[in-house]
**Student:** 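Have a look at the structure that comes next, please.
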Amino acid sequence: MNGKRVLITGATNGIGKQAALELAKMGADVLIVGRDENKTRQVRADLKALSGSSTIDMLVADLSSMDEIRRIADEFRAKNDRLDVLLNNAGAAFTEYRASVDGYEMTFALNHFSYYLLTNLLLDILKRTAQEQGEARVINVSSSAHRNGAPRAGLRLEALRDRSGFSSLGSYGASKLANVLFTYELARRLDGSGVTANVLHPGFVRTGFGHNTNRLMSAFIKVLQALVGRSPQKGAETLVYLASSADVAGISGKYWKDKQQEDSSPMSYDREGQKRLWEFSAEATGVG
């Protein structure tokens, strides 16, 4: 990974932070994205100390906001003409309906639109890097929740501005299904470009994920994590593998768990669903 440039969202905690550390140790130039400026600065300092790398930079943004995503994409482009790995990891689950600044349900806005918009805004740099360096990679973190959290009829895209019938688990599952659908459509559109796109399930990890929910749910998640959760080190293994391993060079459009390919849900292979999500996202963001 020496000299390769890696951008990681959701990198101030859990598997994102761990992946940043491991990739920095391998010699990558790592750029982390966090929501809180003070915390992001502290994490950057910690990562530098732990990795021995001086080439760790940071961007600060609330990735539930499309304007914030556009801003950090512009900031990245102003300083960088190379991007070897884009690792979309930022995510959350909200127990009550909240609307993003753009008017969409918050879980879906953060978990899907941030992936879609940031990737598309940096796609030309990824393609140029692939042409010059031989490859570039997009890695999207999903979850096994994509298998059973979303409605059986598919994503209710038209309901993303409607609080009636909101379900926290349903919204989270739908957003994670969107991660898989988006990855498969992206891989197809990138075919022949040298840029690969893959999606993964990191496992149930002991991180800060889910701690921003209501008190009862947060307590339940913390207990469950303590009992059966895997460590951030274990959870980050597949992220690091997909970002760095020569074994996956040229492999695209696959779903991964524990560094192995496996089938995602039957619904995720719906070509019309993939295309419909892309078109909806393009209209919502004005990009793509």
**Student:** Backbone N or O of G194 within a donor-acceptor pair of the K127 side chain at under 3.5 Å?
**Tutor:**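 Absent.
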**Student:** So for atom NZ, which belongs to K254, do other residues, nucleotides or ligands contribute more than 12 heavy atoms lying within a distance under 6.0 Å?
**Tutor:**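 It does not: K254 NZ has 12 such atoms or fewer within range.
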**Student:** Parallel under 30°, tilted from 30 to 60°, perpendicular over 60°: which one fits the rings of Y104 and F280?
**Tutor:** perpendicular
**Student:** For residues S142 and Y255, is any side-chain donor paired with an opposing acceptor at under 3.5 Å?
**Tutor:** no
**Student:** Kindly state each residue pair satisfying side-chain hydrogen bond (donor to acceptor under 3.5 Å, both in side chains) with at least one member in residues 277-288, sequence neighbours excluded.
**Tutor:**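 Only H112-S281 qualify under side-chain hydrogen bond (donor to acceptor under 3.5 Å, both in side chains).
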**Student:** Check N89 against G10 and note the closest heavy-atom contact, atom names and distance.
**Tutor:** ND2-O, 2.8 Å
**Student:** For the side chain of H146 and the backbone of S265, is there at least one donor-acceptor N/O pair under 3.5 Å apart?
**Tutor:**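 Yes; judged by distance alone, with no hydrogens or angles, the pair exists.
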**Student:** Applying side-chain contact (heavy atoms from CB on, under 4.5 Å) between V240 and each of Q18, M26, K25, report the one that passes.
**Tutor:**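 With V240 as partner, Q18, M26, K25 yield a single side-chain contact (heavy atoms from CB on, under 4.5 Å), made by M26.
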**Student:** Out of curiosity, N111 CG to S64 OG, how far, rounded to the nearest 0.5 Å?
**Tutor:**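 Nearest 0.5 Å value for the CG-OG distance: 10.5 Å.
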**Student:** Using 0.5 Å steps for rounding, measure from the CG atom of L21 to the CG atom of D46.
**Tutor:**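 With rounding to 0.5 Å, CG (L21) is 10.0 Å from CG (D46).
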**Student:** State yes or no: do M106 and F166 share one hydrophobic cluster built from I, L, V, M, F, W and Y residues joined by side-chain heavy-atom distances below 4.5 Å, directly or via other members?
**Tutor:**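 In one cluster: no.
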**Student:** Would a line drawn from the ring center of F182 to the ring center of Y115 be shorter than 6.0 Å?
**Tutor:** no
**Student:** Please determine whether the number of non-hydrogen atoms from other residues, nucleotides or ligands lying under 6.0 Å from atom CZ of R35 exceeds 12.
**Tutor:** no
**Student:** Are V199 and Y116 joined in one hydrophobic group, where the rule is that I, L, V, M, F, W and Y side chains link up if heavy atoms are under 4.5 Å apart?
**Tutor:** no
**Student:** Quick one: does any side-chain atom of R77 pair with a main-chain N or O of L121 as donor and acceptor, under 3.5 Å?
**Tutor:** yes
**Student:** With rounding to the nearest 0.5 Å, note down the distance linking OG1 in T55 to NZ in K4.
**Tutor:**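 If we round to the nearest 0.5 Å, T55:OG1 and K4:NZ are 14.5 Å apart.
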**Student:** To the nearest 0.5 Å, what is the distance between CG on L7 and CG on N88?
**Tutor:**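 One finds 8.0 Å between CG of L7 and CG of N88.
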**Student:** Flag yes if F108 and Y184 sit in one hydrophobic cluster, no otherwise; membership is Ile, Leu, Val, Met, Phe, Trp, Tyr, and two members link when side-chain heavy atoms are under 4.5 Å apart.
**Tutor:** no
**Student:** Enter the distance from I251:CD1 to T196:OG1 here, rounded to the nearest 0.5 Å.
**Tutor:** 9.0 Å
**Student:** By the side-chain hydrogen bond (donor to acceptor under 3.5 Å, both in side chains) test, which pairs, at least two apart or in different chains, include something from residues 128-139?
**Tutor:**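 Residue pairs passing side-chain hydrogen bond (donor to acceptor under 3.5 Å, both in side chains), neighbours aside: E135-R137.
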**Student:** Are D162 and S164 linked by a side-chain donor-acceptor pair shorter than 3.5 Å?
**Tutor:** yes
**Student:** For S171 and S167, indicate whether the former's side chain and the latter's backbone hold a donor-acceptor pair under 3.5 Å.
**Tutor:**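 Checked: no pair found.
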**Student:** Salt-bridged, R71 to E75, with N to O below 4.0 Å?
**Tutor:**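 Salt bridge: yes.
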**Student:** Would you say R271 has more than 12 foreign heavy atoms packed within less than 6.0 Å of its CZ?
**Tutor:**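 At most 12 heavy atoms, drawn from other residues, nucleotides or ligands, come within 6.0 Å of this atom.
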**Student:** Say you draw a straight line from CD of E185 to CG of L190; how long is it, rounded to the nearest 0.5 Å?
**Tutor:**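 These two atoms lie 10.0 Å from each other.
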**Student:** Under a 3.5 Å threshold, yes or no: a donor from one side chain and an acceptor from the other, between E237 and Q233?
**Tutor:**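 Their side chains do not contain a donor-acceptor pair, so the 3.5 Å distance test is not met.
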**Student:** Between D84 and V6 (side chain of the first, backbone of the second, donor and acceptor by atom type, cut-off under 3.5 Å), is there such a pair?
**Tutor:** no
